[in-house]
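First the structure, in the form of structure tokens, and then the observations on it.
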Amino acid sequence: MPQKTIQDIFSDYLNKQPIFTNKKALTISYTPEDVPHRDSQINQLGLILAPALKNDRPSNVFIYGGTGTGKTLITRYVTNQLEIAAKKAESDLYVMYVNCKMKRVADTEYRLLAYLANILGKEVPPTGLPTVQVYKIFFDALEERKGVIILIIDEIDALISKVGDEILYNFTRINQELQNIKISIIGISNNVSFIDYIDARVKSALSEEEFVFPPYNAVQLQDILNDRAKIAFSEDRIKEGVISKCAALAAQEHGDARRALDLLRVSGELAERNNDTVITEKHVDLAESKVDMDRILEVVKTQPKQSKSVMYSIFSLLDGATKEKILTGEVYDTYINICSQISLKPLTQRRISDIITELDMLSIINAKVISKGRYGRTREIGLAISKDIHNRVMDYLKKEFYL
DNA sequence: AGTCCACAGGAAGGGCAGGCGA
DNA sequence: TCGCCTGCCCTTCCTGTGGACT
């Protein structure tokens with residue numbers, strides 16, 4: 001068979017009937033027209049926010065629930081609808097959304113304020129001003145609007161664990177300080193126990209209303225996927241069992257709708273790349289490992305060099321396959337070695353300890369504090385990723401460090 | 001019962017890059 | 001230019017601790 005030229009590949013691609021008609025429907029940023037299995041939450045939130053239409057301040061709301069349980073989606077959906085209604089009723093309503101997990105955007109007090117001021121059309125330099133002044137800029141910008149402002153703070157637990165709860169206290173006081181506007185805060189958190197850590201005054205002010213989003217079960221996930229698949233794929237592209245398999249896999253993992261959508265989307269992409277016309281369960285299997293692989297590789301790539309070399313130290317210790325668990329001290333010794341090999345200035349053990357904690361939080365490793373009695377207290381470190389991914393990450397790091 | 005290991009992890013602060021107003 | 005502010009990464013110094021060993 002004659003070799004395909006690059007032009008053949010391109011024309012094949014162009015002539016091919018696409019599997020996807022609207023891939024966006026399978027991403028988390030997509031807001032569907034209706035949201036199944038969340039009627040009661042939608043109605044509740046709607047009732048709480050409705051006073052905004054009559055220019056009254058809605059209660060502050062706190063929403064909890066695991067990843068992919070629809071917290072953000074429902075909040076945005078309801079506030080979108082509210083905005084439409086407000087336009088009809090000609091009432092002044094402004095909705096602001098911020099996600100505190102956006103790295104280098106809103107993960108500190110200063111940045112959050114700067115970001116919010118920016119939404120309101122005020123320029124704040126990325127650094128340099130006293131925080132008090134940024135507050136003033138933000139408050140002034142608010143004052144220029146009138147009516148009701150709904151401020152959605154997503155992943156609020158990430159912010160508070162980093163900068164403390166004072167910022168929330170300041171927010172709850174806006175209503176007393178500014179005459180023209182009424183602000184209502186919707187806090188969204190992945191962590192249910194988070195509210196216990198904040199100051200009692202803030203707590204009572206913020207959680208005037210509370211609700212919890214339970215995880216989806218496999219049947220519900222299946223409904224969600226079916227709805228989205230109708231929009232995302234051309235007809236008859238999905239083999240029987242594919243959607244239920246995606247739903248089942250995601251249900252096993254805390255009922256996470258995001259994961260279910262990822263699995264289905266990647267399955268489709270794999271089929272497309274493979275020139276298959278129909279998505280089968282085989283593609284879902286492949287997608288499952290690819291979704292994890294992509295997530296981990298992405299995280300690894302964006303780590304700073306020091307973090308990468310700690311990772312490399314841990315991985316190469318565990319690569320010997322003699323042990324499944326290693327200790328902080330061993331990691332540090334290996335790390336010092338690696339540093340001299342790649343001419344990197346070694347950090348102190350204290351700092352490495354923090355880096356290990358960070359890697360643990362990124363779910364790349366598992367680190368558990370254990371006591372070995374006479375032989376001290378330390379952390380026992382193991383891998384949180386599969387052997388396959390481990391090998392891929394090792395290859396990447398080796399290349400990166402020319403090892 | 002007491003000791004002592006090998007760290008965990010908190011607190012404070014240094015040094016840097018970068019911005020502001022005077 | 002200077003003094004003051006910020007976030008970020010890091011070091012230094014420190015106290016705390018579970019449980020094997022004596």
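Throughout, protein chains are lettered first and strands after them, A, B, ... in sequence-line order, and every chain is numbered starting at 1.
Applying the side-chain contact (heavy atoms from CB on, under 4.5 Å) criterion to A271(A), with sequence neighbours excluded, gives I19(A), D276(A), I279(A), H283(A). Residues satisfying the salt bridge (Lys or Arg N to Asp or Glu O under 4.0 Å) test with K122(A), not counting sequence neighbours, are E144(A).
Using cut-offs of 30° and 60° on the angle between ring planes, the pair F211(A) and F213(A) is parallel.
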Set out, line by line, the N/O atom pairs under 3.5 Å between protein and nucleotides 3-6 of chain B.
from, atom 1, to, atom 2, distance (Å)
dC5(B), O4', R374(A), O, 3.1
dC5(B), O2, G373(A), O, 3.0
dC5(B), O2, G376(A), N, 2.8
dA6(B), N3, R377(A), N, 3.0

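In this structure, CG of L113(A) is placed 13 Å from C1' of dT6(C), rounded to the nearest angstrom. Note: CG (L347(A)) to P (dG14(B)) measures 20 Å, nearest angstrom. Rounded to an integer number of Å, the gap from I370(A) CD1 to dG18(C) P is 14 Å. Taking atom CD1 on I352(A) and atom C1' on dG9(B), their separation rounds to 15 Å, with Å as the unit. The distance between atom OH of Y110(A) and atom P of dG18(B), rounded to the nearest whole Å, is 14 Å.
Screening residues 71-83 of chain A for salt bridge (Lys or Arg N to Asp or Glu O under 4.0 Å) gives no qualifying pairs among residues at least two apart or on separate chains. A ring-ring contact (aromatic ring centres under 6.0 Å, His included) check over residues 250-278 of chain A, counting only residues at least two apart or in different chains, returns nothing.
Minimum atom distance to the side chain of S371(A) is reached by dG19(C), of the listed dG19(C), dT6(C), dC9(C).
Side chains of T67(A) and R259(A): no donor on one and acceptor on the other come within 3.5 Å. With hydrogens and angles left out, the side-chain atoms of S91(A) and N55(A) include no donor and acceptor closer than 3.5 Å. No donor-acceptor contact under 3.5 angstrom links the side chains of N60(A) and E209(A), judged on distance only.
Between L327(A) and V331(A) the shortest side-chain heavy-atom distance does not fall below 4.5 Å.
Annotation: proximity of residues 303-314 of chain A to DNA chain B (heavy atom, distance under 4.0 Å) is found for no residue.
Between R351(A) and dT11(C) there is no side-chain N or O to OP1 or OP2 distance below 4.0 Å. Proximity of T348(A) to the phosphate of dT11(C): a side-chain N or O atom is located under 4.0 Å from OP1 or OP2.
Between the side chain of R350(A) and the base of dG10(B), a donor-acceptor pair under 3.5 Å is found.
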